[in-house]
Structures are given as C-alpha cells and as structure tokens.
Number of protein chains: 2
Amino acid sequence: MKLNTKSRYAVMALADMSKFPINNPVSLRDISLRQSISLLYLEQIFLKLKKNEIVKSVRGSSGGYVLKRDPKNIKLSEIFQAVDQKVKTVGCKKDSKKGCNGKSVKCITHELWDELDIYINNFFENKNLSDLLMTKERKN
Amino acid sequence: MKLNTKSRYAVMALADMSKFPINNPVSLRDISLRQSISLLYLEQIFLKLKKNEIVKSVRGSSGGYVLKRDPKNIKLSEIFQAVDQKVKTVGCKKDSKKGCNGKSVKCITHELWDELDIYINNFFENKNLSDLLMTKERKN
DNA sequence: TAATACTTGACTATTTTAGTCGGGTATATA
DNA sequence: TATATACCCGACTAAAATAGTCAAGTATTA
C-alpha cells in the first residue's frame, strides 16, 4: 500500500506555495529547487491541478502559479483526485450490485475493502492545506 | 493508492478457511476453486503465512492448511505483514531523525505521511478474521 | 526583444506486480 | 507399498504502472 509520487509531490508543492502571500505567483522552478522535485515532472502535475481549479497560472516572465482558493478551503482529497490518484484499494467495483471478478456473488471480503476505501478517503476529506502548515509551525 | 493482490488474496483465503471447523485441514486446491485464485499463487502466499505462524501445514494426502489460532486472535495487520505488504505510504523513513531524500531537513509533509501510515495501520490492527465472517452473516 | 515561465503530447526507462514453471518432499490410504 | 494428493521452494517472466524526460511550442513582462 503505497502512495505514488505524483500525489505526494502535488501536496508538497501546494504546501510550499501556501507559505507565500496569496496572489503572489510562485514559479515551478523555485518549487522544484526548494522541494527537490524535477521541474518537468512538476509541470505535468500542475497542469492537472490547474484543470481541476486548484491553482491558476500567470504566464510570462515573473509569472508562476497561484492558489485559486484559500488554503483552508483546499481539501487534500481534492488534490488527490486532481492528480488521478484514486483511493481505490481493490479491483472489484465499489458498491457494485453485481459480483466481483465476473462472478455472480460478492467476494467474501468485499465489504471490508469498501470500508477501507471510505476510511482512507475520510482522512483526506478532513485535512486541508492550511492544516499542514499549522502542524509544521507547532513543531518548530 | 492500491492494495496488491497478495494481501487481498491472503485475507480472502484465510476468511474462506475460517468458515470450516478448526483443525480440519483445508487444501489450497479447494480454496483456489472457491475463491478463483490461482493455485500456484496461493502456494506462494501460504508459505509466507506459514513462516509467520498464522497457519500450519498438514502434508500428504488429505492434508492442507489449518489456522494456527482462533480467527478472533488473528489481526488483519498480521496478515498484511506476513505477505510483505507494509503499509508504508511514502519513501521517507518513518520516524527518521534525519531528513527525507538525503536532505538534512524533513520534507514539509513528512508528518502528514507518518500520520496517514498510523491511521491506516490502525484500521488493520482493529480488525480480525472473525470480524469478516460476522459482517457476512449479518448481511445474509 | 530577450528572458522567463507556462503548455502539451508523446515517448521511455525502471520498477513493481502478478503471476507461472519445474522439480522437489511428505504422508495417508487403498 | 504404490500412488495420488498436497505442501515446499527458488527462479523466472510478461505485463502493467510509475516516474519521469523530451521536444517544440505560446504568452508575457522587463
């Protein structure tokens, strides 16, 4: 059970941005340097974040990306969805009336995986970007 | 974020076994047929479960595998550990005093991933094999 | 007009996953 | 005691997913 780098980097990059005054464009180059994430990879990730209305872009020199909303209003679950990281622990379809793996009955552990999905999603639903910063501040 | 088949099959197979009287060897062939899991793959999985003292084997004709403990006392977290499925959502080492990715500081989201790991592990710590069967019975 | 920075699709190497294969050994029962 | 059943185990492999890179742009500002 592992998180992929895309989601991890997305959260890291957005957390990085949150530390700067809103409306102040932050360039991917800077994020790349500060967080040690490949610039080219970041570009890929931010396109998705943009499409999903989490950030907006400011083109041209001294441009960059800007959070589209207050960090308080950006849930981690949104970020994950944006970068295609579904939290879907197994193949058999969630809530499917039909069975799993083409059979006519639900697999014996079906309810368990459904429950797990909900449980994990819940974690991300209840955390927003500003929560991350607060934790950080308390510690240092 | 996805569960691998090894852990899923392990739980499915053990849940299947739990339905039979304890001390009655259940053959992998039967589990394979009932749960539609490749026999050869099951063998791989059960070797691990055996090494980790979750089942014991009865060799020879009319042999099979037997749960080593009451289903009530087999936590899902044990099963996951047995089949090498660490719940470790990211690369940076849990609780590491040093930084992440070879840097001297913790990555900005480090605490978050630690928290997530604990959260998920908690789910598996608090569920045992017999819980699965009970859910099943309530529903049918 | 040069430099900065976003835009986009296609491509690729690496790693992980999900198995299979082959050749065993042990034991019950006919 | 033969034989079928069932566990044992390491090595191998195809396919999919991941984690990026590359090339060739466009927009904007200093």
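Quick note on labels: first sequence line is chain A, next is B, and so on, each numbered from 1. Computed from heavy atoms alone, side chains included, the values below leave out hydrogens, waters and symmetry copies.
For A:Ser61 and D:dA27, the shortest distance from a side-chain N or O to OP1 or OP2 is not below 4.0 Å. Here B:Ser27 does not reach the OP1 or OP2 of D:dT5: none of its side-chain N or O atoms lies under 4.0 Å away. Between D:dG20 and A:Tyr9, a contact under 4.0 Å exists linking OP1 or OP2 to a side-chain N or O. OP1 and OP2 of D:dA6 both lie 4.0 Å or more from every side-chain N or O belonging to B:Ser62.
Between A:Leu47 and B:Asn4, the residue anchored closer to the 5' end of DNA chain C is A:Leu47, taking for each the nucleotide with the nearest heavy atom. Each of A:Gly60 and A:Thr5 was matched to the nucleotide of DNA chain D holding its nearest heavy atom; the match closer to the 5' end belongs to A:Thr5.
For C:dT4, the base has no donor-acceptor partner in the side chain of A:Arg59 [N/O atoms by modelled type, under 3.5 angstrom]. Taking only distance into account, the side chain of A:Glu43 never meets the base of D:dT21 through a donor-acceptor pair shorter than 3.5 Å. The base of C:dT7 has none of its N or O atoms less than 3.5 Å from a complementary donor or acceptor on the side chain of A:Gln44.
Of all nucleotides listed (C:dA18, D:dA19, D:dC8), C:dA18 comes nearest to the side chain of B:Tyr41.
Atom CD1 in A:Ile45 sits roughly 12 Å away from atom C1' in D:dT18 (whole-Å rounding). Nucleotide D:dT21 holds its P atom 12 Å from the NZ atom of A:Lys6, rounded to whole Å. Taking atom NZ of residue B:Lys2 and atom P of nucleotide C:dT15, one finds them 18 Å apart after rounding to whole Å. Between the NZ atom of B:Lys51 and the C1' atom of D:dC9 there is a distance of 8 Å, given to the nearest Å.
For the side chain to side chain donor-acceptor pair (under 3.5 Å) test, no residue two or more places apart in sequence or in another chain qualifies with A:Lys72.
Heavy atoms only, all atoms of each residue included: B:Ile31 and B:Ala13 are closest at CG2-CB, 3.8 Å.
Counting only distance, with no hydrogens or angles, the side chain of A:Ser38 and the backbone of A:Tyr41 share a donor-acceptor pair below 3.5 Å.
Backbone-only engagement by A:Tyr65 is indicated by non-hydrogen atom pairs under 4.0 Å involving sugar-phosphate atoms exclusively.
Within the 4.5 Å cutoff, the side chain of B:Arg69 has heavy atoms near those of the B:Glu78 side chain.
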